[in-house]
Every structure is written in C-alpha cells, then in structure tokens.
Trainee: 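One structure coming up, written as structure tokens, with questions to follow.
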Amino acid sequence: MDIGDMRRDFESEGLDRDALNDDPVAQFHHWFEDARQAGILEPNAMSLATTGTDGMPDIRTVLLKYFDQTGFVFYTNYGSRKARELDENPRAALLFPWIGLNRQVRIQGRVEKVSKTESLRYFASRPRGSQIGAWVSEQSKAITSRGLLEQKVAEIRRKFSDGEVPLPSFWGGYRVVPERIEFWQGRPSRLHDRFEYVRQDDGWLIQRLQP
Ligand SMILES: Cc1cc2nc3c(=O)[nH]c(=O)nc-3n(C[C@H](O)[C@H](O)[C@H](O)COP(=O)(O)O)c2cc1C
C-alpha cells in the first residue's frame, strides 16, 4: 500500500519561548491539561522505549499515573520484558503523541523503581479486577491458552476471597527522572516549533530546535 500522499498541514498557534514555562514539568502539566480538555483519548497513554544489553530498541504503550518534579511514574510487572530491559539499562524514553492537538512531548531520562509504599498506595486504589489481573499474569512470558489464565483468575479470586488483594512482590512502579524534555507543536508547511529543555546542574537549558 502506497500511502505517500497521506499528509495534513498543521494549523496551530505557534509556540514561543516567552510563552513557555521555565520549568518543563510545569509546561508538561499545562499541555497535559490542554490534552485532557481537548478530549484526547487516554492523554496519559505514552510510548515507553527501552533498550537492554542486546542494544535492540523496544517500545510499548503504558499509562502515566503520576508526575511531579521528581519524574514520571508508570506501573507494571517487575518480571516483564520491559523490566528486564530496565534492569540491564535503567534509561528510557517516553513519547506522548497528542496528534489531535498537533503536539508531541518526548522525554528521556534515567529510571528507578518507586518505593514500595508508593506502589502500595497506587495498587490499593486500583479496581479489584485489575489487582487480581496483576497477580495472574507473568507478564511477557509465553502461555499455551487463555483458559489457563482464566483458571488462574479463579484460583487467585478464591485465595483472596476473604479480604483485600495484597500488592504482589513482583509488581510496582518505575519513575523516569527527566534529563531532556522536548515540546513539539506542528505548524504549517512543516515549519514546526520545537523547544527542548536539557537538565543542567543549576536548572534547565532551553533552546529552540529546527523542525
Ligand atoms: C493503552 C494501553 C495502556 C497500557 N498500559 C500499560 C501499563 O500501564 N502498564 C503495563 O505494564 N502495560 C500496559 N499496557 C500493555 C503494554 O503495552 C505491554 O503490552 C505490556 O506492558 C508488556 O510489555 P513488555 O513485554 O515489553 O514488558 C498498555 C497497553 C495499551 C495499549
């Protein structure tokens, strides 16, 4: 299929250095709210790119669950493929593709596990079905049938039928501590606005990049 003709001009207001917050997390917050208010479907869905020791880039979607000055947090299985890659190389890239707003945000940084207390707090807030799902799945491992998964669901439901579902030891959060954040705003004729923030010892270096 030749889709070489598929293109659209980006009619959006520009992005100026003066309008940018000096703090990239505050700027992200501003854009995140815009995405939410614009009705973008799952504005907290982000691509997470990792690379283990084999050097082969890997990527998948995860949900951003928390962010502040310390970083961007998502939750997953600590035995998954992404977790192995992060063990081998604790660095990652995130991408928010807010195409409906002609925007994207790219983040790179080092990655650390969140504290058990933080994972516990988030796990406790999840619906019971998701809590059970976390226990059931040995994420990224092969399984011969869906029936086996459903059997495990029934077992785990029985096991915890008397009370709360505890946090599995193999499940929790990761925090991406940003070193570089780029804001991209699509403009007509491919003359897009791009600003990158690069972490320095004493703050952030902000510069405009060519489109
Ligand atoms: C919209 C969307 C949201 C997702 N959110 C998460 C998430 O928050 N955590 C997670 O572990 N997987 C999430 N997934 C599934 C992952 O994309 C991926 O399939 C899974 O984490 C296994 O990845 P891995 O084998 O590279 O470890 C999501 C998928 C989609 C499409």
Side-chain angles (χ1 to χ4, degrees), residues 25 28-29 31-68 70-101 103-150 152-153 156 160 165-178 181:
V25 177
F28 180 86
H29 188 253
W31 272 27
F32 188 78
E33 282 304 321
D34 285 351
R36 195 143 74 164
Q37 275 161 31
I40 300 256
L41 188 64
E42 306 219 57
N44 60 330
M46 57 189 186
S47 302
L48 163 74
T50 50
T51 316
T53 40
D54 63 1
M56 175 66 87
D58 202 353
I59 191 162
R60 77 291 285 158
T61 311
V62 293
L63 296 179
L64 178 69
K65 288 294 170 178
Y66 183 82
F67 67 92
D68 67 10
T70 63
F72 296 79
V73 175
F74 64 91
Y75 288 87
T76 194
N77 182 304
Y78 285 151
S80 64
R81 184 180 170 108
K82 72 181 85 54
R84 175 179 54 74
E85 290 165 351
L86 287 170
D87 279 346
E88 292 171 3
N89 175 19
R91 290 184 297 174
L94 304 174
L95 172 76
F96 293 85
W98 295 324
I99 311 298
L101 283 174
R103 286 177 175 174
Q104 71 175 353
V105 178
R106 289 161 66 176
I107 299 173
Q108 287 176 298
R110 64 185 168 77
V111 181
E112 55 193 33
K113 282 184 178 163
V114 307
S115 69
K116 193 155 183 183
T117 316
E118 201 171 338
S119 291
L120 198 55
R121 198 181 317 126
Y122 172 66
F123 189 77
S125 77
R126 301 182 90 206
R128 192 174 176 88
S130 309
Q131 293 176 333
I132 288 170
W135 273 99
V136 165
S137 172
E138 291 182 63
Q139 195 176 47
S140 315
K141 295 218 172 80
I143 190 162
T144 48
S145 76
R146 188 172 175 91
L148 282 178
L149 272 183
E150 284 159 6
K152 275 174 85 180
V153 170
I156 298 288
F160 299 124
V165 181
L167 172 71
S169 59
F170 53 83
W171 195 95
Y174 285 99
R175 174 174 279 102
V176 179
V177 181
I181 305 188

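Whatever order the structure lists ligands and atoms in, that order sets their numbers, starting from 1.
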Trainee: With heavy atoms of Ser140 as the reference, note each atom of ligand 1 found under 4.0 Å away.
Mentor: 24 (P), 25 (O), 27 (O)

Trainee: For ligand 1, is any non-hydrogen atom under 4.0 Å from Gln139's backbone (N, CA, C, O), its side chain (CB onward), both, or neither?
Mentor: side chain

Trainee: Do the rings of Trp98 and Phe96 sit parallel, tilted or perpendicular, given the 30° and 60° boundaries?
Mentor: tilted

Trainee: Examine the proximity of ligand 1 to Phe74 and report which part, side chain or backbone, both or neither, has a heavy atom under 4.0 Å away.
Mentor: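 No part of Phe74 comes within reach of ligand 1.
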
Trainee: To check you understand the geometry: which heavy-atom pair defines the closest contact between Lys152 and Val136, and what is its length?
Mentor: NZ-O, 2.7 Å

Trainee: Return the closest protein heavy atom for atom 11 (O) of ligand 1 as residue, atom name and distance.
Mentor: Thr76 OG1, 2.6 Å

Trainee: Quick check on contacts: which atoms of ligand 1 are under 4.0 angstrom from a heavy atom of Arg81?
Mentor: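 This gives 24 (P), 25 (O), 26 (O), 27 (O) as the contact atoms.
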
Trainee: Kindly confirm or rule out an N or O of Arg60 lying under 3.5 angstrom from an N or O of ligand 1.
Mentor: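 So ligand 1 has an N or O lying under 3.5 Å from an N or O of Arg60.
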
Trainee: Among Thr76, Asp87, Asn77, which one satisfies side chain to side chain donor-acceptor pair (under 3.5 Å) with Lys82?
Mentor: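 Passing option: Thr76.
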
Trainee: With heavy atoms of Tyr75 as the reference, note each atom of ligand 1 found under 4.0 Å away.
Mentor: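 The atoms of ligand 1 under 4.0 Å from a heavy atom of Tyr75 are 7 (C), 8 (O), 9 (N), 10 (C), 11 (O).
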
Trainee: I'd like the name of whichever of Val62, Leu86, Thr61 reaches closest to atom 14 (N) of ligand 1 through any heavy atom.
Mentor: Thr61

Trainee: Within a distance of under 4.0 Å, is there any protein heavy atom near atom 21 (O) of ligand 1?
Mentor: yes

Trainee: Is it true that Glu33 and Arg36 have a side-chain N and a carboxylate O under 4.0 angstrom from each other?
Mentor: yes

Trainee: Quick test: of every protein heavy atom, which one is nearest to atom 23 (O) of ligand 1, and how far off is it to 0.1 Å?
Mentor: Lys82 NZ, 3.3 Å

Trainee: Who pairs with Tyr75 by ring-ring contact (aromatic ring centres under 6.0 Å, His included), at least two apart in sequence or on another chain?
Mentor: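 Once residues adjacent in sequence are excluded, the partners of Tyr75 under the ring-ring contact (aromatic ring centres under 6.0 Å, His included) criterion are Tyr122, Trp171.
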
Trainee: May I ask you to check whether Arg60 and Thr50 show a side-chain donor-acceptor distance below 3.5 Å?
Mentor: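 Distance-only check passes for Arg60 and Thr50.
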
Trainee: Without swapping roles, check the side chain of Gln131 against the backbone of Phe123 for a donor-acceptor pair under 3.5 Å.
Mentor: yes

Trainee: Search all heavy atoms of Arg175 against all heavy atoms of Gly71 and return the closest pair with its distance.
Mentor: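 In terms of heavy atoms, the two residues are closest at CG-CA, 3.9 Å.
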
Trainee: Based purely on interatomic distance, does Asn77 place a nitrogen or oxygen under 3.5 Å from a nitrogen or oxygen of ligand 1?
Mentor: no

Trainee: Which heavy atom of the protein is the closest neighbour of atom 8 (O) of ligand 1, given with residue, atom name and distance?
Mentor: Leu63 N, 3.0 Å

